[in-house]
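One is the number of the first residue; the rest follow in order along the sequence.
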Amino acid sequence: MTEVWILGGAGRSGRAIATALRERGISPVRVGRDAGRLAAVAGGDRTVVAASVEAVAAEIRRQRPAVVVSTIGPFTETAAELVRACLPASHYVDLANDLAAVSATLGRGEEVAAAGRTVVTGAGFGVTATESVVVRLCEGRAAAQCVRVDMIPSLAMDAGVVGEALAGTLLEGLPGVEGGRRFQGRRYREGRMVAARLAGDATRLTLPDGSAVTTASMPLGELIAAQRASGAPDVVAASSEAPSSPLVRAVLPPATALLAIGPVRSFARRRLATMRVAARPRPREHSWGHAVVTWADGTKREGWLRLGEAQAWTGAVPAEVARRLLAGKGRPGAFTPAALFGPSLAESCGGEYLIAENAAR
């Protein structure tokens, strides 16, 4: 079967992926819990109704689609079961951006390779935009010494509730991630993942368009992707979405310490899931991925990836990955997007690199 399934096909990310697939001549299959919501957005696409992750996994095993694209989070709770369901018949792609989920899925590489399938995690804005710049800067060069990546999304927000999946992703921390406690940050130092302060390493960046943003470190999937792409022993991943005010950064440690208490975390997750958010226009014309790479001899290179609206690009990347997997261009194992397909993937999705050609020393 050559079908591409979108899990969460009625949601915002699912709709963006479906649009991008159709632009590539692929008719998606939309999978979700609510038959009415699926029918309202399907526009002639085939639908599969499954009431739980377990039911979705059973349908994958029964129908054996060629590629499964998952938008269903929290990925720390859904990815393992869905990857198992895909093997050995289906390729798997997801939009995970949290360090715990990305590292766990990459850790299944040997199992996936033995089954002859391809798993691609982090196929959304943050991991792909920053990793692609690192891969471009490091092409043909020895392993780097240190790397900093920054993701700077420009994202329009729809009015609605936060939802259980996003609430879980935000509040479950880093279960099972080496180097520190569940609600600490992470970075690489001397080749090891170690604890770091949440929203630390704040930096004011001037974007290529002349505007300025502040980014601060967060334990995101970009961290492991940048380290693997560069071979650098020292890596920091940062985001413009991280809280950067001194007051908020000061209260983060005691606030996150409370989340280590199970009942407190469960209560906070339920409350956050029901919170309503207001519509918000995108804050700037472009989204950006950014990286600075330094080598042991003092050579330093900086690069940017310029994109449009982050949500649209989060639709384009998994669609392009799925297209290439259908065309037999993958290879067995578990990967992040640019690690598998190189920096050209971002360009195929509308990204434009801005690379400083003169390396500083």
Exercise for review: Decide whether E285 and S154 meet the rule of one side-chain donor and one side-chain acceptor closer than 3.5 Å.
Suggested key: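 Their side chains do not contain a donor-acceptor pair, so the 3.5 Å distance test is not met.
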Spell out, as yes or no, whether a donor-acceptor pair under 3.5 Å connects the side chain of [X] to the backbone of [Y].
X    : Y    : result
R15  : A10  : yes
S13  : Q311 : no
R30  : G9   : yes
R117 : R331 : no

Exercise for review: Tell me, with the steps shown, if S70 and D94 meet side-chain hydrogen bond (donor to acceptor under 3.5 Å, both in side chains).
Suggested key: CA-CA 5 Å; S70 177; D94 71 30; over 6 Å; no
Consider only side-chain heavy atoms of I, L, V, M, F, W and Y, link residues closer than 4.5 Å, and tell whether [X] and [Y] are in one cluster.
X    : Y    : answer
Y353 : F341 : yes
W295 : V292 : no
I224 : M151 : yes
V213 : V236 : no
V127 : I72  : no

Exercise for review: Dump the intermediate steps for side chain to side chain contact (heavy atoms under 4.5 Å, CB included) on R148 and V235, then the final yes or no.
Suggested key: CA-CA 6 Å; R148 179 186 173 111; V235 183; over 6 Å; no
Which atoms form the tightest heavy-atom contact between [X] and [Y], and what is the distance?
X    : Y    : value
G308 : S287 : O-OG, 2.8 Å
Q184 : A195 : OE1-CB, 3.5 Å
L21  : P28  : CD1-CB, 3.7 Å
G109 : A334 : CA-CB, 3.7 Å
P337 : L345 : CB-CD2, 3.5 Å
L38  : V31  : CD2-C, 4.0 Å

Point to revise | Option among L223, V194, V147 that satisfies the side chain to side chain contact (heavy atoms under 4.5 Å, CB included) test with Y188 | key: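 One option only clears the test, and that one is L223.
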State the [atom1]-[atom2] distance between [X] and [Y], to the nearest 0.5 angstrom.
X    : Y    : atom1 : atom2 : value
I6   : T47  : CD1   : OG1   : 12.0 Å
L220 : E241 : CG    : CD    : 10.0 Å
E3   : D45  : CD    : CG    : 10.5 Å
S90  : R64  : OG    : CZ    : 7.0 Å
T118 : Y92  : OG1   : OH    : 14.0 Å
S132 : L307 : OG    : CG    : 8.5 Å

Would a 4.5 Å heavy-atom cut-off, applied to side chains only, mark [X] and [Y] as touching?
X    : Y    : result
N97  : V102 : no
R186 : V177 : yes
V293 : C138 : yes
I26  : L326 : yes
V119 : R108 : no
V56  : L82  : yes
V133 : V135 : no
R301 : I355 : yes

If the threshold is 4.0 Å, N to carboxylate O, is there a salt bridge linking [X] and [Y]?
X    : Y    : value
R12  : E309 : yes
D234 : R189 : no
R228 : E131 : no
R306 : E352 : yes

Exercise for review: Show your reasoning for whether side chain to side chain contact (heavy atoms under 4.5 Å, CB included) applies to V134 and V149.
Suggested key: CA-CA 8 Å; V134 175; V149 294; 3.5 Å; yes
Exercise for review: May I have the step-by-step check of side chain to side chain contact (heavy atoms under 4.5 Å, CB included) for L99 and M193, ending in yes or no?
Suggested key: CA-CA 11 Å; L99 180 58; M193 191 180 292; 4.0 Å; yes
Check your understanding: Would R192 and E178 count as a side chain to side chain contact (heavy atoms under 4.5 Å, CB included) if you check the C-alpha gap in whole Å, the side-chain angles of each, and the deciding distance to 0.1 Å?
Key -> CA-CA 9 Å; R192 297 175 58 245; E178 64 178 340; over 6 Å; no
**Study point:** side-chain hydrogen bond (donor to acceptor under 3.5 Å, both in side chains) contacts in which one or both residues fall within residues 312-323, not counting sequence neighbours
**Key:**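 For residues 312-323: R24-E320, E320-R323, E320-R324.
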Neighbour count >12 (heavy atoms, 6.0 Å) for atom [atom1], [X]:
X    : atom1 : value
E190 : CD    : no
R204 : CZ    : yes
R61  : CZ    : yes

Review point. Checking side-chain hydrogen bond (donor to acceptor under 3.5 Å, both in side chains) for the pair S52/E54: CA distance, chi angles, key distance, verdict?
Key: CA-CA 5 Å; S52 65; E54 294 78 12; 3.3 Å; yes
Practice item. Check the pair T294 / Q145 against side-chain hydrogen bond (donor to acceptor under 3.5 Å, both in side chains), numbers first and verdict last. Key: CA-CA 6 Å; T294 305; Q145 181 62 36; over 6 Å; no
Point to revise | Whether W288 and W304 hold their rings parallel, tilted or perpendicular, with breakpoints at 30° and 60° | key: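 Taking W304 first and then W288, their aromatic rings stand perpendicular (interplane angle over 60°).
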